[in-house]
Amino acid sequence: MGIPIITQLKEQIEQVGIAGFTASAENFRLQKAVDELERNKSKSPVLNKIYQKAATITEQIQNEDPAGFLETMTLVDAVDLTQADLFHASEEEILPIKENEQKETEEKSILHCNSTYREIACYKELLTNRGSGRYVVLQNAYEEENPVLNDYRMIPYIIGALSDPYGEIADLAAKIAVRYGTCILPLVKESANLKRKRDMQRRVELISSVAGEAEAEQFLASLK
């Protein structure tokens, strides 16, 4: 069972993810959830850690900072999915968030949340279906630097396409994913499939590209 305060915050953050930054500039329910978290942050290191991230979420929306918003959303989602005994975890046990100012600046300059629902739905279908003709459309979008590919809401579909049975699409997804920077690491690692050797190789190369060889080696070591 999740923590009600966290679940409430997660639901409001997800609403922002669906509606986009422009339509969420004044989300009173989200601010109410953050305020409730502030009143309870002293009860647990976990709540305090999440509050430190969530306290800046309004600013992230106003400044259209998808990288920071995605990081907050990932942390809240991860905690909400764990068992309730995480509520009593120590500060050291909370999911670490890697700080890298240069990478973070690069991510902020690339990611956005300005695409329309129709654009997101169109490219989601291309990345999740198995029909023919997908590669040409995606390749053109990549070469033309179509902004929709840099919308942070596309990240789960791009990462999912790393396992696409059509190798050229999977390789193209890896090229696109490199642009996102370190914020994709948790999703890349968690969705890895050890039984698919080429898929694993592609993910290791991607991790190495965005975070360095040491990070990739650490990931491989964690699988043994």
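What you see is a predicted model, and the numbers here were worked out from it, not measured in a lab.
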Inset, instruction - Following the transitive rule for hydrophobic clusters with a side-chain heavy-atom cut-off under 4.5 Å over Ile, Leu, Val, Met, Phe, Trp and Tyr, establish whether Ile169 and Val136 coincide in one cluster. - result: no

Inset, instruction - List for me each residue that meets side-chain hydrogen bond (donor to acceptor under 3.5 Å, both in side chains) alongside Asp171, sequence neighbours excluded, and say none if there are none. - result: Arg198, Arg202

Inset, instruction - Ignoring hydrogens and angles, tell me if any N or O in the side chain of Arg203 forms a donor-acceptor pair with the backbone of Leu162 under 3.5 Å. - result: no

Inset, instruction - Count the heavy atoms belonging to other residues, nucleotides or ligands that lie under 6.0 Å from CZ of Arg130, then report whether that count exceeds 12. - result: yes

Legend entry - Smallest separation among heavy atoms of Ala174 and Leu206, with atom names: O-CD1, 3.8 Å

Inset, instruction - For Tyr135, enumerate each residue passing the side-chain hydrogen bond (donor to acceptor under 3.5 Å, both in side chains) test, keeping only those at least two apart in sequence or located in another chain. - result: Gln139

Legend entry - Worked verdict on Glu215 versus Ser208 for side-chain contact (heavy atoms from CB on, under 4.5 Å): CA-CA 7 Å; Glu215 183 73 23; Ser208 179; over 6 Å; no

Legend entry - Other residues, nucleotides, ligands: >12 heavy atoms within 6.0 Å of Glu125 CD: no

Inset, instruction - Return the minimal non-hydrogen interatomic distance between Leu37 and Ala54, and the atom names on each side. - result: CD2-CB, 4.2 Å

Legend entry - Cationic N near anionic O, under 4.0 Å, Glu143 to Lys175: no

Legend entry - Closest contact, heavy atoms only, Met154 versus Lys124: CE-N, 4.2 Å

Inset, instruction - For Met200 and Phe219, run side-chain contact (heavy atoms from CB on, under 4.5 Å): C-alpha distance rounded to whole Å, both residues' side-chain angles, the deciding distance at 0.1 Å, then the answer. - result: CA-CA 11 Å; Met200 284 298 300; Phe219 168 61; 3.9 Å; yes

Legend entry - Asn146 side chain vs Val148 backbone, donor-acceptor pair below 3.5 Å: yes

Inset, instruction - Kindly compute the distance separating CD (Gln52) from CG (Asn48), expressed to the nearest 0.5 Å. - result: 5.0 Å

Legend entry - Taking every non-hydrogen atom, the tightest pair across Thr182 and Val210: CG2-O, 3.5 Å

Legend entry - Audit row: Ile159, Ser191, side-chain contact (heavy atoms from CB on, under 4.5 Å) steps and yes/no: CA-CA 8 Å; Ile159 301 305; Ser191 58; 3.8 Å; yes

Inset, instruction - Taking all non-hydrogen atoms of both residues into account, name the closest pair between Ile184 and Ala177 and its distance. - result: CD1-O, 3.5 Å

Legend entry - Interatomic distance, Ile207 atom CD1 to Glu213 atom CD [nearest 0.5 angstrom]: 12.5 Å

Legend entry - No-hydrogen, no-angle side-chain donor-acceptor test under 3.5 Å, Tyr123 and Asp151: no

Legend entry - Partner of Tyr51 under side chain to side chain donor-acceptor pair (under 3.5 Å), chosen from Lys41, Arg39, Glu38: Glu38

Legend entry - Test side-chain contact (heavy atoms from CB on, under 4.5 Å) applied to Leu127 and Arg134, step by step: CA-CA 8 Å; Leu127 290 163; Arg134 297 181 298 141; 5.8 Å; no

